[in-house]
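Below is one structure; the comments refer to it alone.
The structure presented is a predicted model; accordingly, all values stated were derived computationally and were not measured. Just the heavy atoms: all of them, side chains too, but no hydrogens, waters or symmetry mates, feed the values below. Counting from 1, the numbers follow the sequence of the chain as shown.
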Amino acid sequence: MLRILLMTLLSVGLVGCRQSQRTEVVLTSAPFTNQLQMHSGDSCQFQLPSGDTVAVWCERPRSFWGAAKHTDSKSGLATVWGETPFKKPKEILVKVGTNNHYAVAGWKSYIAPSMVTVLGDITRQYQLTAGNRHFLITEDLRATNCLPVTIRVAQE
């Protein structure tokens with residue numbers, strides 16, 4: 001009886017598993033638009049003509065203690081960016097005040113983030129620049145089981 005119960009639990013767990021989606025795009029021309037239904041662990045990597053790459057991936061943000069951080073999205077998911085998937089750029093910290101407090105002044109990366117726009121609980125948009133390419137990443141915050149993301153790439 002215990003064996004049947006364990007087998008049932010294992011099969012239910014395996015059915016719920018899904019392979020992460022990893023998309024790679026070689027940018028030869030702009031403008032370019034990519035619409036994705038992202039789940040935690042999914043990524044999209046763009047290769048620029050210069051050979052540099054820009055990666056955007058989806059994760060469920062966690063706090064220092066491992067608990068889920070609050071996000072604006074109903075799914076609890078958010079996108080993150082970096083030069084390679086699942087590796088955030090290192091922060092540039094500057095000292096603020098006299099009590100050994102530090103603030104983030106930027107990132108050690110050829111990717112430069114700029115404006116973030118949140119439209120209530122509907123969308124969040126942020127912009128990145130790498131070389132002469134501009135990335136506009138729009139997250140649909142209303143979805144509950146995934147994070148619909150639209151990535152638009154334009155050239156200067």
Gap between atom [atom2] of [Y] and atom [atom1] of [X] - 0.5 Å precision:
X	Y	atom1	atom2	value
Met115	Leu128	CE	CG	12.5 Å
Lys90	Ser109	NZ	OG	12.5 Å
Asn34	Arg152	CG	CZ	11.0 Å
Leu119	Gln125	CG	CD	8.5 Å

- Message: Tell me every residue that passes side chain to side chain donor-acceptor pair (under 3.5 Å) with Arg133, counting only those two or more places apart in sequence or in another chain.
- Response: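 Scan of Arg133 (side chain to side chain donor-acceptor pair (under 3.5 Å), adjacent residues dropped) gives none.
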- Task: With sequence neighbours left out, write down each residue that passes side chain to side chain contact (heavy atoms under 4.5 Å, CB included) with Thr129, or none if nothing qualifies.
- Result: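 Applying side chain to side chain contact (heavy atoms under 4.5 Å, CB included) to Thr129 gives His134.
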- Task: Check ring pair (Phe, Tyr, Trp, His ring centres under 6.0 Å) between Phe86 and all other residues, then give those that pass, not counting sequence neighbours.
- Result: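 Result, ring pair (Phe, Tyr, Trp, His ring centres under 6.0 Å) vs Phe86: Trp57.
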- Task: Using the test ring pair (Phe, Tyr, Trp, His ring centres under 6.0 Å), find all partners of Phe135 that sit at least two apart in sequence or belong to another chain.
- Result: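 Scan of Phe135 (ring pair (Phe, Tyr, Trp, His ring centres under 6.0 Å), adjacent residues dropped) gives Phe46.
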Closest heavy-atom contact between [X] and [Y]?
X	Y	value
Pro113	Trp81	CG-CZ2, 3.7 Å
Pro61	Glu59	CD-O, 3.3 Å
Val80	Tyr126	N-OH, 4.0 Å
Arg60	Ser40	N-OG, 3.8 Å
Ala130	Leu48	CB-CD1, 3.7 Å

- Query: Of all residues at least two apart in sequence or in a different chain, which pass the salt bridge (charged side-chain N to carboxylate O under 4.0 Å, His left out) check with Lys87?
  - Reply: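 Per chain and number, Lys87 pairs via salt bridge (charged side-chain N to carboxylate O under 4.0 Å, His left out) with no residue.
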If we ignore hydrogens and angles and just use 3.5 Å, is the side chain of [X] paired with the main-chain N or O of [Y] as donor and acceptor?
X	Y	result
Arg22	Gln45	no
Glu139	Thr79	yes
Asp42	Gln21	yes

- Do Gln47 and Thr53 meet the criterion of a side-chain donor-acceptor pair at a distance under 3.5 Å?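 There is no such pair between these side chains.
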- Query: Under a single-linkage definition using a 4.5 Å side-chain heavy-atom cutoff for Ile, Leu, Val, Met, Phe, Trp and Tyr, are Leu27 and Ile111 assigned to the same hydrophobic cluster?
  - Reply: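 Leu27 clusters together with Ile111.
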- Residues Asp52, Glu83; criterion side chain to side chain contact (heavy atoms under 4.5 Å, CB included); working and verdict: CA-CA 8 Å; Asp52 291 334; Glu83 296 173 9; over 6 Å; no
I'd like a table of donor-acceptor pairs (distance under 3.5 Å, sequence neighbours excluded) in which one partner is a side-chain atom from residues 140-151, with atom names and distances.
residue	atom	partner	partner atom	Å
Asp140	OD1	Arg142	N	3.0
Asp140	OD1	Arg142	NE	3.1
Asp140	OD2	Arg142	NH2	3.4

